[in-house]
Amino acid sequence: MTTDLTRLTASALHDLFERGEVSCREITSAHLETIRAHDARYGAYLHVLGEGALQAADEVDRRRLAGEEMGALSGVPVALKDVIVLEGVPATAGSRILEGWIAPYTATAALRLMGGGSPVLGKTNCDEFAMGSSTETSAYFPTRNPRDPERVPGGSSGGSAAAVAAFEAPVALGSETGGSVRQPAAFCGVVGLKPTYGRVSRYGLVAFSSSMDQIGPLGRTVEDTARLLAVIAGRDAHDMTSSPAPVGDYLAELDRSVAGVRFALPDAFLDHAGPALREATENAARALEAAGAQRVEIDLPSLEFALAVYHIVSRAEASSNLARFDGVRYGPGAPADDLLDLYLESRGRGFGREVKRRIMLGTYVLSEGYYDAFYMKAQRVRSLIAEDFERAFRTADVILTPTTPDTAFRLGEKIDDPMAMYAQDIMTLPANLAGIPALSVPVGTSRGLPVGVQVMGRPFEEGLLFRTGRLLETLSGEDRADA
Amino acid sequence: MFFFPGLHVRGRVRLDEATLRRVAELSRLLLSADEEKGIGRDLAEILEKVRQLRAAPSSHEARFWPETRAFQDLREDALRPSLGREALLASAPRRVDDLVEVPFPGEAT
């Protein structure tokens with residue numbers, strides 16, 4: 001067929017595959033060709049599977065011919081952020097300390113995708129150990145924003161967002177701790193979801209901050225993103241924090257109206273946004289009202305402490321989680337006279353500056369004498385923030401905010417200013433602290449750069465977020481199949 | 001107890017070199033002179049920022065994170081008799097005086 005398959009949505013590709021009009025090999029091959037032709041410009045991928053992806057595609061075609069039932073995205077290949085492991089494939093987490101490490105097992109989310117008929121195209125670039133908001137802390141190379149290659153794609157899942165935006169993958173998985181799916185989705189003009197904590201298994205996800213980490217889907221449309229979540233969601237015996245709550249019928253939700261849905265637009269978020277983001281969010285609110293949704297007022301009094309709480313909790317958990325990278329179990333051991341020297345040298349050489357900064361802050365706040373003052377206090381305030389949201393969701397069904405304070409910034413603009421970089425997550429990290437789901441949807445552009453708005457909801461109500469997002473994505477005026 | 005005298009809690013947060021080196025050692029990280037200077041400055045700035053938490057209410061109970069709803073399908077605790085002393089010691093290495101006897105590799109025990 002003459003259609004450029006990479007320009008179609010994942011949902012359209014799945015339909016063509018199901019009807020036997022196009023093979024999984026053709027779809028996968030078209031995306032591999034696009035990666036070969038364009039990825040040198042964007043740097044979305046760290047590792048491309050090539051022949052391995054085509055062999056997996058052939059197996060999917062064989063299964064279709066045999067009449068096997070597969071998933072909501074069968075025939076559609078995916079890209080995985082390089083913090084999600086795949087047996088026999090390198091996994092670096094964007095770090096030198098894992099250079100050359102081959103994963104001995106496969107993450108549950110990846111296993112469900114492959115079992116559902118989605119071959120893996122490759123592993124995408126990310127900030128080192130998912131610590132960053134620009135993909136510039138990757139130890140290998142920075143990824144560029146396909147909408148403006150002089151600008152960052154956001155992070156830490158910048159490679160996944162760029163791959164989807166550049167038609168190098170129909171859909172991709174990223175991971176979130178403080179906004180690492182939603183912020184790059186907003187910067188690159190694609191859809192990204194942070195699921196409820198426990199909605200997706202974390203088995204096989206390189207741990208950063210275990211009480212907040214979640215794998216999240218990215219796609220060019222809300223429907224593509226909903227399909228991807230439908231495949232990967234659900235209880236997993238390998239992850240005791242995965243939830244037994246039933247997985248919703250997300251595709252059925254997409255066709256329902258938002259009439260009667262109560263939404264809030266809190267000033268606590270709008271106050272941090274630049275004029276373009278503020279205007280886009282207010283425009284989204286007007287669209288919801290026009291569709292019959294009802295605007296309500298809520299109060300989130302503890303939100304002012306969210307960034308400080310996030311700094312403490314995420315760094316404390318990171319310092320503990322990253323202790324395993326010691327040059328013995330993981331990473332090439334550096335020459336040393338004794339065990340302590342081996343640790344110091346291996347970690348000193350293997351980790352980049354941002355990772356070191358975060359480990360050190362985590363060690364500091366967990367130290368005796370400071371544990372109560374910093375860590376326990378942060379946990380108490382985190383509980384207050386979660387309760388603020390619980391109270392707010394008794395009045396509102398969803399909360400609407402800008403996804404980011406501004407549009408994508410230039411490469412190098414914030415990399416030497418950690419506080420400015422951390423402020424990028426101010427809109428997104430409250431959802432991670434509270435464990436609630438949040439969706440970023442592109443709603444237009446400002447000076448040619450994509451603008452995203454965020455919809456947050458109650459735990460396990462991803463379906464309502466998709467329903468709301470489906471309406472909002474029409475505001476962008478772009479054909480998401482060919483953005 | 002790890003006490004860091006370099007933290008000035010009453011005035012502006014500042015980390016002295018000794019404190020920074022101690023935190024780096026506890027973190028099992030070797031820092032270059034350049035990193036030491038830069039990270040020290042950054043940490044002080046971040047700690048200054050997180051001090052705003054002092055204004056937040058303190059009396060609130062901290063929840064267990066991740067939230068317990070994720071564990072709701074765990075089985076009930078079940079009481080079972082423990083293994084006896086003899087059974088537990090049966091698999092322990094043989095003691096010779098104050099030492100533990102370890103077989104050579106490949107040698108049957």
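Values reported hereafter were calculated over all heavy atoms of this structure, with side chains retained and with hydrogens, waters and symmetry mates removed. Below, chains carry the letters A, B, ... as their sequence lines are ordered, and counting in each starts from 1.
Taking CG of Asp42(B) as the start and CZ of Arg357(A) as the end, the distance is 4.0 Å to the nearest 0.5 Å. The OG atom of Ser346(A) sits 11.0 Å away from atom CG of Leu29(B), with the distance rounded to the nearest 0.5 Å. Tyr422(A) OH to Glu45(B) CD: the interatomic distance, rounded to the nearest 0.5 Å, is 9.5 Å. If you take CG on Leu43(B) and CZ on Arg358(A), they are separated by 12.0 Å, rounding to the nearest 0.5 Å.
Residues Tyr364(A) and Leu47(B) meet the side-chain proximity criterion, which asks for heavy atoms closer than 4.5 Å. Between Val50(B) and Leu307(A) the shortest side-chain heavy-atom distance does not fall below 4.5 Å. Between Val309(A) and Leu53(B), the closest side-chain pair of non-hydrogen atoms falls below 4.5 Å.
Residues Ile46(B) and Leu361(A) approach most closely at CG2-CD2, 3.5 Å, considering heavy atoms. What you find for Arg54(B) and Lys377(A) is that their closest heavy atoms are O-NZ, 3.8 Å. Considering all non-hydrogen atoms of both residues, Glu345(A) and Leu30(B) come closest at OE2-CD2, 3.5 Å.
Counting heavy-atom pairs under 4.5 Å between each of Gln52(B), Glu35(B), Arg28(B) and chain A puts Arg28(B) at the top.
Proximity to chain B is absent for every atom of Leu322(A), based on heavy atoms less than 4.5 angstrom apart. If you measure heavy-atom distances from Met419(A) to chain B, the contacts under 4.5 Å come from the side chain alone. Of the two parts of Ala378(A), the backbone and the side chain both hold a non-hydrogen atom closer than 4.5 Å to a non-hydrogen atom of chain B.
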Apply side-chain contact (heavy atoms from CB on, under 4.5 Å) to the pair Met360(A) and Leu20(B), showing each step before the final yes or no.
CA-CA 9 Å; Met360(A) 286 186 59; Leu20(B) 194 68; 3.7 Å; yes

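Remark: the backbone N or O of Ala308(A) is not paired with any side-chain donor or acceptor of Lys49(B) at under 3.5 angstrom. A donor-acceptor pair under 3.5 Å links the side-chain atoms of Arg347(A) to the main chain of Ser27(B), judged by distance alone.
Using a cutoff of 4.0 Å between basic side-chain nitrogens and carboxylate oxygens, Arg353(A) and Asp34(B) are scored as salt-bridged.
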